[in-house]
Amino acid sequence: MPIGLIIGIGRAFRRKRTSSLDILSSKRAPRDYYKGKNCKSTGFHTRKGGYVVMQEKLPNYVVPDLTDFKLKSYVSQCPAESAESAK
């Protein structure tokens, strides 16, 4: 049995994990691949280079009326200290 065949079989068993092959980055992809930041688009591009923002694609935050709410809006990073000073 030639030594090259044994070395080739050994290299076949030492392959990378399949999970690392699933990760596709811009360095391992074709030249025009753009991964992005996992953001949703808020509109679309026009033929003349403009961008149209669609209101139904913008986030809509519903904030309740807090006029008679007893708690303050500030949240301390040290809750144990602020609880002792409030007493």
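Positions are given from 1 along the sequence.
Of the inter-residue distances, the one linking Q55 atom CD with N60 atom CG reads 10.0 Å to the nearest 0.5 angstrom.
Under the 3.5 Å distance criterion, the side-chain polar atoms of Y51 are matched with a main-chain donor or acceptor of G43.
Cluster partners of M54, using a side-chain heavy-atom cutoff of under 4.5 Å among ILVMFWY residues and allowing indirect links, are F44, V52.
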